[in-house]
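Shown next, in structure tokens, is the structure this report addresses.
All heavy atoms count here, side chains included; hydrogens, waters and symmetry mates do not. Throughout, a chain's letter reflects where its sequence line sits, starting with A, and its residues are numbered from 1. These figures come from a predicted structure and were not determined experimentally.
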Amino acid sequence: MSKVIFHIDVNSAYLSWEAVHRLQHGDPLDLRTVPSAVGGDPIKRHGIILAKSIPAKPFKIQTGESLMAAFQKCPTLKVVPPRYDLYLRSSNAMIELISEYSSQIQRYSIDECFVDFTDMIKLFGDPIEVAYLIKERIKKELGFTVSIGVSSNKLLAKVASDLKKPDAVTTLFPEEISQKMWPLPVGELFMVGRATVKKLNFLGIETIGDLANYDVDILKGSLKSQGILVWNYANGIENSPVKKSNHLAIKSIGNSSTIPFDIDNQKEAHLMLLSLSEMVAMRLRDSQYLARLVSITYKTNNFNSLGHQKKFEIPTDHTTEIYHYARTLFDELWDGTPLRHLGVRVSELCENDFVQLHLFDAYARRKNGKLDQVIDELRGRFEPKSIMRGCFVGSGIKPLTGGVGEDDFPLMSSIL
DNA sequence: TCTGGGGTCCTAGGACCC
DNA sequence: TCTGGGGTCCTAGGACCC
């Protein structure tokens, strides 16, 4: 028997949430009614558009483009800074409301989720009517709009929610594929990004329909497994389950940041790595995992990206150990080119309830672990900034770099 | 185009082993 | 060794998602 899946997508999420919050706090202006955007600070070199209002669309403002470019297209564009804690709370409120209709919810990102409604039909009735009900309740009770796609699998539900925006419910059942999905440009398909569009165009494939009706063996030849995947998607074939998000399914934890100035000396680079390692290690301990692999990445001032990684014998969650690995990796890779961006990531995670300790290491590690624990507690009880290492004083580098702390739920992946 | 930060997965090549 | 081949692990880089 066939499933019923919803995909629920918040319209211009960051911007809508920002607008609602401002209205609730007495701001007379609804950001959604004027050309506006949520964006970073160009002075700190974080100047890109993160979300835009619908009135900004006619100016061809694009998510991801620089604020400079955006202002050139629309000098009156109202830009506000992001507030991720607010967005997380807004997202949580929405999920809570949706939970009243099904417990089978997969949070796909901060502003998107999948809902398996199959078993709830006998309780709530017609899925499409329920989708409208959810949409209206979110609008009335939370103040923002969503687009909901309804279908028999996640891929089709996701495509459906994109067909009509904002504030809409759209179906895309298998029998509607040829009429509703096939005429779309192939780049609209999930997992067909810029690089794949180019390769497909080269084969004469322009629309999703072209792809669906192409010889899958030829696709396999030039696109490998990706070719089979997107061919299946173009034909509406996809059957992954709606996975209830559990944060224990995390595969890696990383932080990275663009520095307001170019780093051209080892000392500052090390300080930045320490700052990133502090955050990564705190999140790692919070996740109850240990990591076996540490990687660093950087971007030079001419936007060249390089990375280096290494596996280590003994999994760890200690700040100082992760930092030392990161520093060694960095020193092995860096040739002195000025840097604009640095990142630290840990992966190959394993449960932390059972660790084989080398006898020699045992004492030092326990001491380290205690220190980390105390710092984590103080940072939790007061403010994260309440404890910082002296070496950061006057350095121009923040003692902790990176976001996504406490309410970790980053299960956003490119895989359904 | 003066261009963020959080992720996941796949592929290719070399090392190493049998 | 101017020789074969398969399996697995490691690493770098790139593709995609939001």
Could you measure the distance from the CD1 atom of I43(A) to the CG atom of L67(A)? Nearest 0.5 Å is fine. 10.5 Å
For the side chain of M68(A), starting at C-beta, report the closest nucleotide among dT3(B), dA15(C), dA12(B). dT3(B)
Roughly, in whole Å, what's the span from OH in Y298(A) to P in dG13(C)? 9 Å
Please tell me whether F117(A) and Y101(A) form a close aromatic pair, meaning their ring centres lie under 6.0 Å apart. no
Test side-chain contact (heavy atoms from CB on, under 4.5 Å) applied to V344(A) and L274(A), L273(A), T401(A), L329(A), the passing residue: L273(A)
Rounding to an integer number of angstrom, what distance separates dC18(C) and dT3(B) when you compare their P atoms? 23 Å
Separation of I228(A) atom CD1 from dC9(B) atom C1', in whole Å? 15 Å
Under 4.0 Å between a side-chain N or O of H308(A) and OP1 or OP2 of dT11(C)? no
Can you name the nearest heavy-atom pair linking A212(A) to N235(A), along with the distance? O-ND2, 3.1 Å
As a test of reading the structure: which of dC16(C), dC2(B), dG5(B) is closest to the side chain of M191(A), going by heavy atoms? dC16(C)
Atom-pair distance (CG on N302(A); C1' on dC2(B)), nearest Å: 12 Å
Please state how far atom CZ in R107(A) lies from atom P in dG6(B), giving the value in whole angstrom units. 18 Å
Scan G40(A) against the nucleic acid and name what it touches under 4.0 Å (heavy atoms): base, sugar-phosphate only, or nothing. nothing
Hey, does T196(A) reach any base, or is it just sugar-phosphate, or nothing, if we go heavy atoms under 4.0 Å? sugar-phosphate
By the 4.0 Å heavy-atom rule, please label G254(A) as base, sugar-phosphate, or nothing. sugar-phosphate
Taking only the side-chain heavy atoms of Y108(A) (C-beta and beyond), determine which of dC18(C), dG4(B), dC2(B) contains the nearest atom. dC18(C)
Using a 4.0 Å heavy-atom cut-off, does G343(A) contact any base of the nucleic acid, only the sugar-phosphate backbone, or nothing at all? nothing
Below 4.0 angstrom from OP1 or OP2 of dG13(C), is there any side-chain N or O of S305(A)? no
For F303(A) and dG14(C), what is the distance between atoms CZ and P respectively, to the nearest whole Å? 16 Å
For S257(A), which contact category applies under a 4.0 Å heavy-atom criterion: base, sugar-phosphate, or nothing? sugar-phosphate
Both distances below 3.5 Å, Watson-Crick or wobble geometry, any strand: find the nucleotide opposite dC18(B). dG5(C)
Is any side-chain N of the basic residue among E278(A) and R379(A) closer than 4.0 Å to the acidic one's carboxylate O? yes
Reckon R345(A) has a side-chain N or O less than 4.0 Å from the OP1 or OP2 of dG5(B)? no
side-chain N/O K158(A) vs dC18(C) OP1/OP2, d < 4.0 Å: yes
Distance check needed: dT3(B) P versus I48(A) CD1, whole Å only. 10 Å
Rounded to the nearest Å, what distance is computed from the CD atom of residue Q226(A) to the C1' atom of nucleotide dA12(B)? 16 Å
OP1, OP2 of dG5(B) versus side-chain N and O of H46(A): anything below 4.0 Å? yes
Across the strands shown, which category fits Q62(A) at heavy-atom distances under 4.0 angstrom: base, sugar-phosphate, nothing? nothing
Does CG belonging to D85(A) count more than 12 external heavy atoms closer than 6.0 Å? yes
Please confirm whether the shortest side-chain N or O distance from N255(A) to OP1 or OP2 of dG6(B) is below 4.0 Å. yes
Counting only side-chain nitrogens and oxygens, does S295(A) get under 4.0 Å of the OP1 or OP2 atom of dT11(C)? no
Using whole Å, what does the distance between atom C1' of nucleotide dA15(C) and atom CZ of R194(A) come to? 11 Å
Which is true for K198(A) with a 4.0 Å heavy-atom rule: it touches a base, it touches only sugar-phosphate, or it touches nothing? nothing
By nearest atom, which of the nucleotides dT11(C), dA15(C), dG4(B) is closest to the Q309(A) side chain? dT11(C)
Between K311(A) and dC10(C), is there a contact of a side-chain N or O with OP1 or OP2 at under 4.0 Å? yes
Counting only heavy atoms not in E332(A) (residues, nucleotides, ligands), do more than 12 fall under 6.0 Å from its CD? yes
